[in-house]
Protein chains: 2
Amino acid sequence: MPGDHSSKQYDMDLEAIRSKVLLMGGLVESQFSDAIACFRNGDIAQAEQVIKADENVNRLEVSLDDTCSHLIVKRQPAANDLRTVMATLKVITDLERIGDEATKIARIAKNLHERGTVGVLNHYESIRVLASRASESLHDALDAFARLDDKQATRIISSDEAIDHEFRAIMRTMITFMMEDPRTISVALDTLWVAKAIERIGDHAKNIAEYVIYVVEGKDIRHTDYVYTKINSAV
Amino acid sequence: MPGDHSSKQYDMDLEAIRSKVLLMGGLVESQFSDAIACFRNGDIAQAEQVIKADENVNRLEVSLDDTCSHLIVKRQPAANDLRTVMATLKVITDLERIGDEATKIARIAKNLHERGTVGVLNHYESIRVLASRASESLHDALDAFARLDDKQATRIISSDEAIDHEFRAIMRTMITFMMEDPRTISVALDTLWVAKAIERIGDHAKNIAEYVIYVVEGKDIRHTDYVYTKINSAV
């Protein structure tokens, strides 16, 4: 990335922001994978840890917004650097919402296992594939943000459709369960809320990927067919 | 609000941003109320208009982010003005997501009425109260943003709990319907997704209110018990 500023301290300020974003990203990644583990194994103490960890994520959100705001005043960034700060401000919001969704999954897992209603349907299997896809997207999006890799970002965006497809499949399966045996309604609904939370985590990963492209290429590709065109032209 | 800049043109730039945010706010308000109307009356053409209108909302999001970014370079805002720009960047994201939720409601309404499955349960009544509460929050949040009214913003935040409460009541009602008559499962689920979208619109209105307090009072009150303390101390 061509630099449009000279001070070494300035580089360090930007680097400190990037590191803090990646720290926040690492935290929500753990929250997400731990929440899915709780959904599978019913470890209530672990679910409570996920819920508790959200406080750290929230603190990082507030502190990072503040750091970005100070950098704007102190450094008056332009061009590339300003795009980095603008994108960071948006990425922070997505990461915080991912933390919220993971917390929601942990709460549902806790509740399901406390009610002891898990056994009535194979609730985990249907979630496994969806969760692993979303988790991969999130990991890749953070990686693309760290390495400013717009090609990887493009791939993440184009793979979001597979997550949505998987989500709709789960919805159909759950409706079938509920219709066949009304005793499964409550667990099936909880499974659907978990699926919805995972699908949203996928959306947030896609948003992060869009901001990576904005930083690297200077193009705001949200709500455009940029990725579609790019993939087709590569074929 | 005490000014910390002097140029008249600068004031006009900030005012132009505020007007554009309110324009975007007006658009998503209409989207939301039209989507709820479609859910009630099954007007498919209107549902399609809501979906179509989302393109304008999306365009405004991209254009407003760009305008804010230009203002930062041109004016190097500090203090109050920078807080306004930072808050605006976040508010834009919330407004765009409200547009997404309204679009989702319109799609479900269209689908429900096309399938002709509406009559199996009184699906609208349960949504009416929730929608009117969320719509009031959204309207008040935009109004608080326009007038920089932190007292009103505080009220909006404290009323979000009533929306969540209403949502949980709908969830219980829908589960009862589904259990009593499995033929209602599909419509009850769609009603639940609509309720979820409305509850999220309430959350976004609350976020906007938090940013208003940030602009006016310079305090980032997200994830704090600020509102709780304020209300209790006022009693």
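Reminder, nothing fancy here: chain letters follow the sequence lines and each chain counts from 1. Here the structure is a predicted model, which is why all the values come from computation and not from measurement.
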task: Dump the intermediate steps for side chain to side chain contact (heavy atoms under 4.5 Å, CB included) on M178(A) and L189(B), then the final yes or no.
output: CA-CA 11 Å; M178(A) 290 192 266; L189(B) 259 185; 3.7 Å; yes
Those residues that, when tested against A141(B), pass side chain to side chain contact (heavy atoms under 4.5 Å, CB included) (two or more places apart):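 With neighbours one apart ignored, the set is I156(B), A205(B), I208(B).
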Pick from V62(B), V73(B), V85(B), I72(B) with the largest number of heavy-atom pairs that fall under 4.5 Å of chain A: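 The candidate making the most pairs under 4.5 Å is V62(B).
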- request: Decide yes or no for L192(A) and L192(B): does some side-chain heavy atom of the first lie under 4.5 Å from some side-chain heavy atom of the second?
  value: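 Not in contact.
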- prompt: Under 4.5 Å between any side-chain heavy atoms of I185(B) and I185(A), yes or no?
  reply: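 Side chain of I185(B) against side chain of I185(A), heavy atoms only: contact under 4.5 Å found.
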Contact origin within M86(A) toward chain B - heavy atom pairs under 4.5 Å: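 Answer is side chain: those atoms of M86(A) sit under 4.5 Å from chain B.
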- prompt: Between L89(A) and chain B, which part of the residue has a heavy atom less than 4.5 Å away: side chain, backbone, both or neither?
  reply: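 Its backbone and side chain both get close to chain B.
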Between chain B and chain A, donor-acceptor distances below 3.5 angstrom:
{"from": "N58(B)", "atom 1": "ND2", "to": "H223(A)", "atom 2": "ND1", "distance (Å)": "3.3"}
{"from": "E61(B)", "atom 1": "OE1", "to": "H223(A)", "atom 2": "NE2", "distance (Å)": "2.6"}
{"from": "E61(B)", "atom 1": "OE2", "to": "R222(A)", "atom 2": "NH1", "distance (Å)": "3.0"}
{"from": "D65(B)", "atom 1": "OD1", "to": "K90(A)", "atom 2": "NZ", "distance (Å)": "3.0"}
{"from": "D65(B)", "atom 1": "OD2", "to": "K90(A)", "atom 2": "NZ", "distance (Å)": "3.3"}
{"from": "D65(B)", "atom 1": "OD2", "to": "R222(A)", "atom 2": "NH1", "distance (Å)": "3.2"}
{"from": "D65(B)", "atom 1": "OD2", "to": "R222(A)", "atom 2": "NH2", "distance (Å)": "2.7"}
{"from": "Q76(B)", "atom 1": "OE1", "to": "Q76(A)", "atom 2": "NE2", "distance (Å)": "3.3"}
{"from": "Q76(B)", "atom 1": "NE2", "to": "Q76(A)", "atom 2": "OE1", "distance (Å)": "3.4"}
{"from": "L89(B)", "atom 1": "O", "to": "K90(A)", "atom 2": "NZ", "distance (Å)": "2.7"}
{"from": "K90(B)", "atom 1": "NZ", "to": "D65(A)", "atom 2": "OD1", "distance (Å)": "3.1"}
{"from": "K90(B)", "atom 1": "NZ", "to": "D65(A)", "atom 2": "OD2", "distance (Å)": "3.3"}
{"from": "K90(B)", "atom 1": "NZ", "to": "L89(A)", "atom 2": "O", "distance (Å)": "2.7"}
{"from": "K90(B)", "atom 1": "NZ", "to": "T93(A)", "atom 2": "OG1", "distance (Å)": "2.9"}
{"from": "T93(B)", "atom 1": "OG1", "to": "K90(A)", "atom 2": "NZ", "distance (Å)": "2.9"}
{"from": "E101(B)", "atom 1": "OE2", "to": "R200(A)", "atom 2": "NH1", "distance (Å)": "3.4"}
{"from": "E101(B)", "atom 1": "OE2", "to": "R200(A)", "atom 2": "NH2", "distance (Å)": "3.2"}
{"from": "R200(B)", "atom 1": "NH1", "to": "E101(A)", "atom 2": "OE2", "distance (Å)": "3.3"}
{"from": "R200(B)", "atom 1": "NH2", "to": "E101(A)", "atom 2": "OE2", "distance (Å)": "3.2"}
{"from": "R222(B)", "atom 1": "NH1", "to": "E61(A)", "atom 2": "OE2", "distance (Å)": "3.0"}
{"from": "R222(B)", "atom 1": "NH1", "to": "D65(A)", "atom 2": "OD2", "distance (Å)": "3.2"}
{"from": "R222(B)", "atom 1": "NH2", "to": "D65(A)", "atom 2": "OD2", "distance (Å)": "2.7"}
{"from": "H223(B)", "atom 1": "ND1", "to": "N58(A)", "atom 2": "ND2", "distance (Å)": "3.3"}
{"from": "H223(B)", "atom 1": "NE2", "to": "E61(A)", "atom 2": "OE1", "distance (Å)": "2.6"}

